[in-house]
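The structure appears right after this line, and notes come after that.
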Number of protein chains: 2
Amino acid sequence: MARGEKRPVTVHTLASHVGVSPAAVSTVLANRHEERRLAPATVERIRQAVRELGYVPNVAARRLRAHDPDVRHVELGILTSYEAPLFLISRALRELQRTVDQRTSPERRYSVSIDMYHAGRLREMPGLLNASRFNGVVITNTLPEDDAFLKATTLPYAVVVQGRRLANYCCVLETPGAGGRQAAEILLGRGCRQPAVVTPRLLTETTADRADAFAAAVRDLTGQGAVRVTASDFTPQAGSDALRAHLQAHPGCDGLFAVTDTLALGAFQALKAVGRRVPEDVAVVGVGDHEHAGYFDPPLTCVGPEYGTVVAEIMALLFNLMSRRRVNPTEVFVPPAVSHRRSA
Amino acid sequence: MARGEKRPVTVHTLASHVGVSPAAVSTVLANRHEERRLAPATVERIRQAVRELGYVPNVAARRLRAHDPDVRHVELGILTSYEAPLFLISRALRELQRTVDQRTSPERRYSVSIDMYHAGRLREMPGLLNASRFNGVVITNTLPEDDAFLKATTLPYAVVVQGRRLANYCCVLETPGAGGRQAAEILLGRGCRQPAVVTPRLLTETTADRADAFAAAVRDLTGQGAVRVTASDFTPQAGSDALRAHLQAHPGCDGLFAVTDTLALGAFQALKAVGRRVPEDVAVVGVGDHEHAGYFDPPLTCVGPEYGTVVAEIMALLFNLMSRRRVNPTEVFVPPAVSHRRSA
DNA sequence: GAAAGTTGCTAAATCGAGTTAGCAAACCCT
DNA sequence: AGGGTTTGCTAACTCGATTTAGCAACTTTC
């Protein structure tokens, strides 16, 4: 009985509980009992059972049954973590939508969805391993644990990874080292003497690379290291708090590289609060991952990759993988496109 | 033949094309041909056919077959339009994730996904009508066409609509009229004489209500109307352009209500470009739909509803609907929480 | 009182893929 | 030559829901 009770309620369970056939239950569930002339009393008994037993329909079964056999449905997903801000994927989403709209035809339809995993627990996402959820995915915002999982298992369908290098997958990422170095060049080129880099505490491969490349370039060019400012996370609030503390300890700070734009946004606030002008007193460089970086005050100078190129490459790889025109893992590097705006 | 060729390729198609049984094809697709001792030549022929015929697996069928019968899978979706900015739903997403994490148990798992429709074409979303995709959804960012569609058909599963009033669904929205009126009171209270309201060209029910309530309140309180500034859409760029034009025509403008925060962000830029100070020369009020409104410069005073309350109400309704504790449509109004910041 | 119609339900097939049990044929060994 | 083993594959069932065709039993009609 303990065993029996655990099994989820199906149409069949409901049917035998009420003492009718599954067909009758299904009729009621679809609200077609009038046209199929079920007795009102029976309908009520079935409804009662549905309520009592807490029936939850199996959407996979419904979909299999309901789909039009002349139309192929292709399911695409953008996989990101709950913890990453959604705006990070809005450009990828828009491009995927455009691509998909082009390829939609009467016999081939696409669905695009954004699916979230808990950062570091990608492996727990249902349907990933057994290929029962997607025909193709773009995976982004992974943590090292997720990367380890991906390295260990090659998923048996079209997968493109953004921002990481994994030998067994197609990957698209900014040219390693390039962004950080350019940020350093911009700041030092303006005459900054005490440049710092702000990072969140938890670093992804990309943010770590940006910070390291920045530090290395500063050391190369000046012989001195760059100060590292650690924020608790990547929210503006965290950036603001971290920078306030930093300015107390290093009042001479005159240049800042933020590895995410939200940190730069918080930094702006902290700088203005203590009366420093951007860029006159402190120059700031971001990476262009925020849609509205050009509307910050002052507009944020950015050294990130051109996201348009990144997402275009991702889509090309994804659709090539799905049509099996490309089979081998590839790495695509997108160089940073410097957006000179007012902040540096 | 034309008919036959149109039908999508299934395992069965592949099998008869190669001259083997579906079981053999399935074995190869799952990469289990070694342990099941298929002849290498056969494997190669099957692989070839998969490539040639462009086979796309049916994920619904896989899911039905692969799922663990002891675990009930509940599929939840947040439905938004491609055209609406993603950050609008980040709060709802976070709350849904929290709720779902609490309710997850060994015999009940939840999947959360964000699914997009083209604004005005919600009806085309696959699986919406036949309930073959979701066990429960939150629908948001609809256009009037979508609202009309929803009014016409009551979807047979748990649905909560955000920001619209539809008699046949559970709806959660800001108290009608409240935000616009408060914005008017704030601006007039500061002594503004020529208040204006910026809206995108395409109005949703919510943005229209905000603008109308604002105009009505201004008329009530001053006897004069409020000027309406129309931006091409709701991007900062559009807001900036619209405001530049408005300032040319109405140099005396001293107060602004933006029905979305992104428009306010663009307005800030236009105002600063022509040397107006915020709030000294022009006071600005937004609605708090942008995560970072508090980090704009100056921080944006907002009159929108408390999103925390909105999403909490949505989740309560959604789960009550799914457990059938509530069956009747309900309207929940969330009053605006005024965030007084520097911009007004 | 037989034909025709209505009421209220069910048996069985179906969707597409994966798995299990098992069957021939070929091969090996005494 | 007979028994056992390996090789290479297939028939048939399963997952959960929906639909179609159709069957009893009862009622109405002439």
Side-chain angles (χ1 to χ4, degrees), chain A residues 7-16 18-46 50 55-75 127 129-133 135 156-157, chain B residues 7-16 18-46 50 55-75 127 129-133 135 156-157:
Chain A
R7 304 216 98 189
V9 180
T10 66
V11 167
H12 186 87
T13 321
L14 290 170
S16 48
V18 177
V20 294
S21 73
V25 175
S26 180
T27 298
V28 172
L29 287 173
N31 268 318
R32 311 188 59 179
H33 48 277
E34 307 252 298
E35 61 182 275
R36 294 208 191 131
R37 302 173 323 211
L38 280 210
T42 312
V43 173
E44 202 32 64
R45 272 157 57 224
I46 293 173
V50 168
Y55 170 68
V56 179
N58 180 324
V59 291
R62 280 199 175 154
R63 203 132 50 112
L64 176 57
R65 184 62 231 257
H67 86 132
D68 177 346
D70 287 340
V71 181
R72 218 358 142 198
H73 244 278
V74 184
E75 303 279 332
L129 278 165
N130 55 20
S132 68
R133 202 173 177 96
N135 297 113
Y157 45 95
Chain B
R7 304 216 96 192
V9 181
T10 66
V11 167
H12 185 86
T13 322
L14 290 170
S16 47
V18 177
V20 294
S21 74
V25 175
S26 182
T27 299
V28 172
L29 287 173
N31 268 316
R32 310 189 59 177
H33 48 277
E34 307 252 295
E35 61 181 278
R36 296 212 190 126
R37 303 174 320 210
L38 280 209
T42 313
V43 173
E44 203 32 64
R45 272 158 56 225
I46 292 173
V50 168
Y55 170 68
V56 179
N58 180 324
V59 291
R62 279 201 174 155
R63 209 139 39 120
L64 177 57
R65 184 63 233 256
H67 85 133
D68 177 346
D70 287 340
V71 180
R72 221 352 148 201
H73 244 280
V74 185
E75 303 279 332
L129 277 165
N130 55 20
S132 68
R133 202 174 177 96
N135 297 112
Y157 46 95

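Residue numbering restarts at 1 for every chain, and letters A, B, ... go by the order of the sequence lines. Here the structure is a predicted model, which means the values were calculated and not measured.
- Checking the phosphate oxygens (OP1, OP2) of D:dA17, a side-chain nitrogen or oxygen of A:Tyr55 falls inside 4.0 Å.
- Between B:Arg32 and C:dT19, a side-chain N or O to OP1/OP2 separation shorter than 4.0 Å is present.
- At a threshold of 4.0 angstrom between heavy atoms, the contacts of B:Val20 are confined to the sugar-phosphate backbone, with no base atom among them.
- Atom NE2 in A:His73 sits roughly 17 Å away from atom P in C:dC15 (whole-Å rounding).
- When each of D:dC9, D:dG16, D:dA11 is scored by its nearest atom to the side-chain atoms of B:Pro69, the top-ranked nucleotide is D:dG16.
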For a side chain to side chain contact (heavy atoms under 4.5 Å, CB included) check, start with the C-alpha distance between B:Val59 and A:Arg133, then their side-chain angles and the critical distance, and finish with the verdict.
CA-CA 6 Å; B:Val59 291; A:Arg133 202 173 177 96; 5.8 Å; no
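- A sub-4.0 Å separation between OP1 or OP2 of C:dT19 and a side-chain N or O of B:Arg36 is present.
- Using a cut-off of 4.0 Å between Lys/Arg side-chain N and Asp/Glu carboxylate O, B:Arg63 and A:Glu75 are scored as not salt-bridged.
- An OP1 or OP2 oxygen of C:dC9 is reached within less than 4.0 angstrom by a side-chain nitrogen or oxygen of A:Thr42.
- Residue A:His67 is classed as a sugar-phosphate contact, given heavy-atom separations below 4.0 Å to backbone atoms only.
- Comparing C:dT19, C:dC9, C:dT7 by their nearest atom to the side chain of A:Arg37 picks out C:dT7.
- Residue contacts for A:Ala39: at a heavy-atom cut-off of 4.0 Å it reaches the sugar-phosphate backbone alone, with no base atom in range.
- Sequence order on DNA chain D of the closest nucleotides to B:Arg45 and A:Asn58 puts B:Arg45 first from the 5' end.
- Residue B:Pro57 is classed as a sugar-phosphate contact, given heavy-atom separations below 4.0 Å to backbone atoms only.
- The A:Ser26 side chain lies nearest to D:dT19 when the options are D:dC15, D:dT19, D:dT10.
- When distances are taken from the side chain of A:Leu38 to each of C:dG16, C:dC9, C:dG18, the shortest belongs to C:dC9.
- Nearest-nucleotide positions on DNA chain D for A:Thr10 and B:Ala23 put B:Ala23 closer to the 5' end.
- Of the candidates D:dT10, C:dG16, D:dG16, the closest approach to any side-chain atom of A:Ala61 belongs to D:dG16.
- In terms of phosphate contacts, B:Arg62 brings a side-chain nitrogen or oxygen within less than 4.0 Å of OP1 or OP2 of C:dG18.
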